[in-house]
Amino acid sequence: MTTRVRFAPSPTGYLHIGSARTALFNYLYARHTGGKFLLRVEDTDRQRSTEESLQSILEGLKWLGFAPDEEIVFQSNNADKHRAAALKLLEEGKAYRDFTPKAEPTDKNIKDSIAEKARQNQGEKSMRDNEYRDLSKAESDERAAKGEPFAIRLKVAESGKTSFEDAVYGLNERDYSETEDLVLLRSDGHPLYNLAVVCDDIEMEITDVIRGQDHLTNTHKQILIYEALGEKPPRFAHLPLILAPGGKKLSKRIHGEIVSMTTYRDAGFLPEAFRNFLALLGWSAGEEQEIYKLDELIEKFSLDRIHKSNATFNFDPTSAKHWTDDKAIWMNAEYIRAEPLEKLLPSVKAELKSAKLWRDEYEDDDKAWFEKTVDLIRERFFTLKDFSTQGRAYFSEDFDFDEKAVQKNLKKFPDLQKWLPELAEKFEPMESFTHDEIEAVVKDFTEEKGAKLGVIMNGARTLLTGLAVGPSMLAIFETLGKEKSVMRLKSQIGWNL
RNA sequence: GGUCUGUUCGUCUAGGGGUCUAGGACACCGCCCUUUCACGGCGGCGACACGGGUUCAAAUCCCGUACAGACUACCA
């Protein structure tokens, strides 16, 4: 049987890092086993689901390159089937009607009030003491017929336990006494999560459920539903969580955009780099390699090498340099300089386009120049954004001067204000403007002035690119060409800062 | 409160009784390379949560404790 896995986000927010990693692992597992990767949108919470979230999630998945192998399933479309399943269990006596009026949730923190209630019930109430649990069928039917509202609860057996072998966490067991008679269908007819998930997974013929560890206890409830329905549960693999620094839960409410996938796309990350980073959060191949191309990830991925302990996604919102996980940034830089140039070019093009620095000649008459330039400057870039910011001077005359660079490399050596335009004049008559010739001219000039080579070079770098850092100066001259080099050396813009 | 799960450098991790004076990566620091910065090279800092067992031997097995997380809804 071919494996079928699903990624099942609920559209109540954008695709965040933890979900993206879950999607990745599902995807890798599907590809590794030659199975199918499916997408199911769990949009049954009408209050919180939004179209905007859905689009954000779809965009994030698209960016990461995880296209579902079959049509997207929307859980809300299956509500009738979920209801039918609940009714069937009711009919078979495996579930019962609970006529207890629905308790309105307290207005304060829901989680806290639930824990509070659990504390109070401690030792006093059994999970089975619902007064309607053993109501006769006749009476139950009669009250229902009269229009009295009811929820449908699963009738969990008095004694026994649920157990399953998790691919990551091993054998999990839970005594029935720990599980309440869970509600399958709300009194307004709305099917609840655990029922919906089980029904959909059955219908979609899911063989392996790979999801966050926060569902570990839900799994027991779901197994109870599978059993009641007379279906065989799929295999389960629960993933460790991705936490915020300090070991707290990563939440969009307190951590903001840092957790959203689109943030990384917009910040100039390469999807392959981010995928690589994500893959190593909670999984490792057990070797000292760090860089894995997708094919390699697919080949090496296995559920049994997923960790049990949660990982911390490290970032520092107060730092411009460490705004997100250092390793993610490093990995992105690694991909930017190591990817085959032709694979990187489209991304650079997109970046330059969005910064209005793109010219169609770069794919035509100036193709060779463009490729050479990208290859030259990518060496020290971290994100695609750097091409339009730090690399701006290579594509436009309208670039900024870094004040510190001007101080350090220009104003500290006032002679340069006269010398650099003079150097430009030496360049002007040159027929061939390439590395060796430029070098000879610059060296002669330096000797003539009795100056230090570094002073001339650094001054030129700042005047030509606005920066104190960058590639070899001779390469910059050659890349920019004679005309621009001469023009910028003579320009006073940098000096007038 | 209860149930379950987890705990190796700041972070991601290797490790499954002896090869561990615990390996790698990122970050940080230093040196080298260099016209600058980066890359690269070399080196440094830095961890087995704690306490008891078991064993000739424990980061590795067992038990406690601490801490963390999940669940404990007519949310998903």
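So you know, we letter chains A, B, ... as the sequences are listed, proteins then strands, and number each from 1.
The residue A/Arg153 sits close only to the backbone: its heavy atoms come under 4.0 Å of sugar-phosphate atoms, none of a base. Nucleic acid contact for A/Lys221: sugar-phosphate only, since backbone atoms but no base atoms lie under 4.0 Å from a heavy atom of the residue. Across all strands shown, A/Glu290 has heavy atoms under 4.0 Å from base atoms, whether or not it also approaches the sugar-phosphate. Among the heavy atoms of the strands lying under 4.0 Å from A/Lys321 are primed sugar atoms or P, OP1, OP2 only; no base atom is included. A/Lys248 comes within contact range of the sugar-phosphate backbone alone, with a heavy-atom separation under 4.0 Å but no base atom that close. Among the atoms of the strands shown, base atoms are found under 4.0 Å from some heavy atom of A/Pro101. Residue A/Leu216 is classed as having no contact, given no heavy-atom separation below 4.0 Å to the nucleic acid. The residue A/Asn218 sits close to a base: some heavy atom pair falls under 4.0 Å. Base engagement by A/Ser187 is indicated by at least one non-hydrogen atom pair under 4.0 Å involving a base atom.
In this entry B/G17 has no Watson-Crick or G-U wobble partner, no candidate having both defining distances under 3.5 Å. Remark: B/G1 base-pairs with B/U72; criterion is Watson-Crick or G-U wobble with both hydrogen-bond distances under 3.5 Å. Across all strands shown, B/G6 forms a Watson-Crick or G-U wobble pair, both distances under 3.5 Å, with B/C67.
For A/Thr217 against B/C4, a side-chain-to-base donor-acceptor contact under 3.5 Å is absent. No donor-acceptor contact under 3.5 Å links the side chain of A/Asn310 to the base of B/A70.
Aromatic ring centroids of A/Tyr96 and A/Tyr132 lie 6.0 Å or more apart. Ring-centre distance between A/Phe301 and A/Phe25: below the 6.0 Å cut-off. Outside the 6.0 Å centre-distance limit, the rings of A/Trp495 and A/Phe413 are not counted as a close aromatic pair.
Taking side-chain N and O atoms only, A/Arg305 has a distance below 4.0 Å to OP1 or OP2 of B/G15. Considering only side-chain N and O atoms, A/Ser284 lies under 4.0 angstrom from the phosphate OP1 or OP2 of B/A14.
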**OP:** At under 4.0 Å between heavy atoms, which parts of nucleotides 33-43 of chain B does protein reach? Answer with one letter per nucleotide, 5' to 3': B base, S sugar-phosphate only, - none.
**Re:** --BBBBS----
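Comparing the same atom, C1', in B/U7 and in B/G15 gives a spacing of 15 Å after rounding to whole Å. Distance check on atom C1': B/C48 versus B/G23 gives 13 Å, rounded to whole Å. B/A47 and B/C9 have their C1' atoms separated by 4 Å, with the value rounded to a whole Å. Spacing between B/A14 and B/C74 at atom P, rounded to whole Å, works out to 39 Å.
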